[in-house]
Amino acid sequence: MIKTKIFHELHHGDRPLVLPNAWDFGSAAILAAEGFPAIGTTSLGVAVAAGLPDGTGVAAEATMALARLLARLPVPVTVDIEGGFSESPSAVAEYVAQLAELGIAGVNLEDGRTETALAEPDHQSELIAAIKARSPELFVNARVDTYWLKLDTGTTSTRVEQYTAAGADGIFVPGLTDPDEISRIVAATPLPLNILYAPTGPSLAALADLGVRRVSTGSLLYRTALAAAVDAARAVRDDNPTPTEAPSYGRVQALTDPA
């Protein structure tokens, strides 16, 4: 409960909450050790690490298993649950209640369905309302995938307003990078707006000036880690210096120390 309260408060600080997204215990623990005040998960990283595709609703067990481990961390954790792993409001609410019982502070619930479809906003609102009715303290970040999937972008404000009315605690619009559009969405809801970090998008300072309250890394860290692993392996194979100084064995081993 304390972590959940802290997580809510982190969305109303002097600067946007930079939320790094982890994919296993080690990545989450080392990010927490580096001083990040909260950790999220990336559904792509969690799914692929389990040998599963992302965004297809098949990673519920892998997501829950990781949540059990991440609940040990000293900082709040929010879990990406894709579209909720079910279309049943009661089933989604039950799944999230299990996360809350573990000590998870929040969830990210997306309205994208596969890569080519969006959920009906009325139904998505039912999912949000069911979660909040069952786990009222939990932070529900309602993700609007119109810009991410490049579908029905004209319905973005309507979806934001409906998810706000349904009881969401935050709004996430990945793929949104245009400053004018960001300002329009900030004005459309009293809730903190979450933006996905984009290398070619506005800087953190610019996002703060626009009213953004949370900036997520999404799958960026996971994909970067894969690239670093391949680069290191190639360097060893080609008898070249390894490109990145890795943390020591001892430091990584120490991440599992409860103290």
Side-chain angles (χ1 to χ4, degrees), residues 1-23 25 27-43 46 63-82 84 89 92-110 125 127-144 160 163-174 185-186 189-197 204 207-208 211-218 255 258-259:
M1 189 71 70
I2 294 175
K3 289 181 185 177
T4 302
K5 182 176 183 293
I6 291 171
F7 190 60
H8 279 266
E9 292 171 349
L10 287 170
H11 291 78
H12 302 282
D14 295 334
R15 63 196 301 269
L17 169 64
V18 175
L19 187 75
N21 296 87
W23 58 94
F25 180 81
S27 58
I30 202 165
L31 288 165
E34 284 295 316
F36 287 93
I39 306 296
T41 64
T42 163
S43 63
V46 174
T63 300
M64 185 66 70
L66 179 57
R68 291 190 185 96
L69 297 176
L70 299 191
R72 294 162 43 187
L73 295 176
V75 300
V77 172
T78 181
V79 173
D80 188 337
I81 59 169
E82 300 183 13
V92 175
E94 171 60 26
Y95 184 87
V96 174
Q98 293 178 38
L99 292 172
E101 288 168 7
L102 292 173
I104 297 302
V107 293
N108 189 73
L109 180 71
E110 62 194 48
S125 296
L127 299 183
I128 294 167
I131 292 172
K132 292 300 293 184
R134 183 72 183 276
S135 306
E137 297 87 7
L138 194 95
F139 190 103
V140 176
N141 202 39
R143 177 171 143 174
V144 180
V160 168
Y163 302 163
T164 299
D169 300 286
I171 298 293
F172 182 23
V173 189
I185 299 303
V186 167
T189 177
L191 302 180
L193 178 64
N194 183 187
I195 292 295
L196 182 67
Y197 170 77
L204 189 64
L207 290 173
V212 172
R213 304 309 309 147
R214 171 166 150 185
V215 178
S216 300
T217 62
L255 295 173

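Any value given below was found using the heavy atoms of this structure, including those in side chains, with hydrogens, waters and symmetry copies removed.
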Exercise. Can you name the closest pair of heavy atoms from A100 and L138 and give their distance?
Worked result: CB-CD1, 3.9 Å
Exercise. If every non-hydrogen atom of A97 is compared with every non-hydrogen atom of R134, which pair is closest and at what distance?
Worked result: CB-CG, 3.8 Å
Exercise. Between T78 and N141, does a side-chain contact (heavy atoms from CB on, under 4.5 Å) hold up when you go through it step by step?
Worked result: CA-CA 9 Å; T78 181; N141 202 39; 5.7 Å; no
Exercise. Roughly how far, to the nearest 0.5 Å, is CZ of F139 from CD1 of I104?
Worked result: 15.0 Å
Problem set entry | Note, V18 side chain near Y197 side chain (heavy atom, < 4.5 Å) | no
Exercise. Would you say the side chains of R213 and H11 form a donor-acceptor pair under 3.5 Å?
Worked result: no
Exercise. What is the distance from atom OG of S216 to atom CG of L17, rounded to the nearest 0.5 Å?
Worked result: 7.5 Å
Problem set entry | Straight-line distance of I171 CD1 to L191 CG, nearest 0.5 Å | 5.5 Å
Problem set entry | Donor-acceptor pair, side chain of K132 and main chain of D169, under 3.5 angstrom | no
Exercise. Is there side-chain contact between P192 and R214, with at least one heavy-atom pair below 4.5 Å?
Worked result: no
Exercise. Looking only at heavy atoms, what is the nearest atom pair of L31 and P20, with distance?
Worked result: CD1-CB, 3.8 Å
Problem set entry | Atom of I195, atom of V173 and distance for their closest heavy-atom approach | CD1-O, 3.9 Å
Exercise. Listed by chain and number, what are the side-chain contact (heavy atoms from CB on, under 4.5 Å) partners of S125, not counting sequence neighbours?
Worked result: Q162, Y163, A166
Exercise. Is the backbone N or O of E137 less than 3.5 Å from a side-chain atom of H8, with the two atoms forming a donor-acceptor pair by type?
Worked result: yes
Seminar exercise, completed: Taking every heavy atom of L70 against every heavy atom of A28, the minimum-distance pair comes out as CD2-CB, 3.5 Å
Exercise. Given side chains that start at C-beta, do those of I81 and L99 come closer than 4.5 Å, heavy atoms only?
Worked result: yes
Exercise. Can you tell me how far the CD1 atom of I131 sits from the CG atom of L109, to the nearest 0.5 Å?
Worked result: 5.0 Å
Exercise. With a 4.5 Å limit on heavy-atom distance, are the side chains of P76 and T4 in contact?
Worked result: no
Problem set entry | Min side-chain heavy-atom separation F25-R72 under 4.5 Å | yes
Problem set entry | T41 and D80 side chains, donor-acceptor separation under 3.5 Å | no
For this session: Working to the nearest 0.5 Å, report the span between CG of L255 and CG of L73.
Result: 9.5 Å
Exercise. If you take all heavy atoms of G106 and F7, which pair is closest and at what distance?
Worked result: CA-CE2, 4.5 Å
